[in-house]
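What follows is a short report on a single structure.
The chains referred to below are lettered A, B, ... by the order of the sequence lines, with proteins before strands, and numbering in each begins at 1. Computed from heavy atoms alone, side chains included, the values below leave out hydrogens, waters and symmetry copies.
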2 protein chains.
Amino acid sequence: MTELEQIDQAITRELASDGRCSFTDLAERVGLSVSAVHQRVRRLEQRGVIRGYAARLDGESIGLPLTAFISLTPIDPAAPDDYPSRLQDIREIESCYSVAGEESYILLVRVASPAALEDLLRRVREAAKVSTRTTVVLSTPYEGRSPAI
Amino acid sequence: MTELEQIDQAITRELASDGRCSFTDLAERVGLSVSAVHQRVRRLEQRGVIRGYAARLDGESIGLPLTAFISLTPIDPAAPDDYPSRLQDIREIESCYSVAGEESYILLVRVASPAALEDLLRRVREAAKVSTRTTVVLSTPYEGRSPAI
DNA sequence: CATGAAATCAAATAAGC
DNA sequence: GCTTATTTGATTTCATG
């Protein structure tokens, strides 16, 4: 992990907020030739600085209007700590964080309905042998803003 | 909010996991002509189904190795509920969720160091007149996976 | 709404500095 | 590692079914 220099910072910042921006535009914005930018972006991808690109989708429109956080607490504290792999096939789970604090993991999930959430919780408990605490999201004032770099 | 038909679902699914995919590739993957796909993507963007595109960045590489959840509880329950706008200029906050449950809001933040987190917490408390509970992320097994559509 | 063709523009590679 | 030049391929518009 080596510090990003100015120009790479500028490129990642642009792509964080406008992931489909053309190399041509990018080159203008950061003040470099198109092929220089092209090389740098490829390098940032290879180094793993840029992990990929995603369209940000509206939950309502795609039929997944219900977002929730699910906190996991192991039932058996001596059980092996392999929760992420036990849960990775559950596609409603968009993110999985291992955390310090009262709980061991926090999941961010998106589902179609309360009934779907109920079913998801059952599957999570069964797959991971955990107890759960669920916090339903009422609204999302903002999400996925660009990092402060 | 009208149901997405099959082909638009396929397009959004592709772009969710590969946001920089060319229209040409997209057309092949969904089995339509390039210009038809082009029209549909523009339409999905205009309808707000696709809210934008983002590069997914590696926290370590961009100098923000510390991720945390901050839960907010209003100090004065009678105060106006304008926390998101009071906090929106704090760039370390990537997401802001209004939630049901013990707390009122959950923030997802990324910072450079424990000291930066301490400073951020001070600014959040001051700006929003809230008490905070912070859960530090130890690792992120996965994040931002494509929605289950 | 989809297609196919035409024109414009961008991406990708290579050569030279 | 940047630049310019070149080729290849993608984007975008438009006319048409």
Exercise. With a cut-off of 6.0 Å (strictly less than), are more than 12 heavy atoms of other residues, nucleotides or ligands near CD of B:E118?
Worked result: no
Exercise. Under a single-linkage rule joining Ile, Leu, Val, Met, Phe, Trp and Tyr whose side-chain heavy atoms are separated by less than 4.5 Å, which residues share a cluster with A:F69?
Worked result: A:Y97, A:V99, A:I106, A:L108, A:V137, B:F69, B:Y97, B:V99, B:I106, B:L108, B:V137
Exercise. CD of A:E28 versus C1' of C:dC9: gap in Å, rounded?
Worked result: 13 Å
For this session: Specify the angle, to 10°, made by the local axes at the two ends of the helix from C:dC1-D:dG17 to C:dC17-D:dG1 when five pairs are taken at each end.
Result: 30°
For this session: Find the distance B:F23:CZ to D:dT12:C1' and express it as a whole number of Å.
Result: 9 Å
Exercise. With sequence neighbours excluded, what pairs up with A:R125 under the side-chain hydrogen bond (donor to acceptor under 3.5 Å, both in side chains) test?
Worked result: A:T132
Exercise. Minimum heavy-atom separation for A:R110 to A:T67, with atom names?
Worked result: CG-OG1, 3.6 Å
Exercise. Does A:F23 have B:R20 sitting over its ring (NZ/CZ under 6.0 Å from centre, angle to axis within 45°)?
Worked result: yes
For this session: Apply the test salt bridge (charged side-chain N to carboxylate O under 4.0 Å, His left out) to residues B:E94 and A:R145: give CA-CA distance (whole Å), side-chain angles for both, the deciding distance (0.1 Å), then the verdict.
Result: CA-CA 5 Å; B:E94 293 194 4; A:R145 302 201 306 179; over 6 Å; no
Problem set entry | Pairs touching residues 128-149 of chain A that satisfy ring-ring contact (aromatic ring centres under 6.0 Å, His included), sequence neighbours left out | none
Exercise. For DNA chain D, which residues in residues 33-43 of chain B have a heavy atom at a distance below 4.0 Å?
Worked result: B:V34, B:S35, B:H38, B:R42
Exercise. Got a sec, which residues hit side-chain hydrogen bond (donor to acceptor under 3.5 Å, both in side chains) with B:R51, two or more places apart in sequence or on another chain?
Worked result: A:D58
Problem set entry | d(CD, B:E5; C1', C:dC1) in whole Å | 10 Å
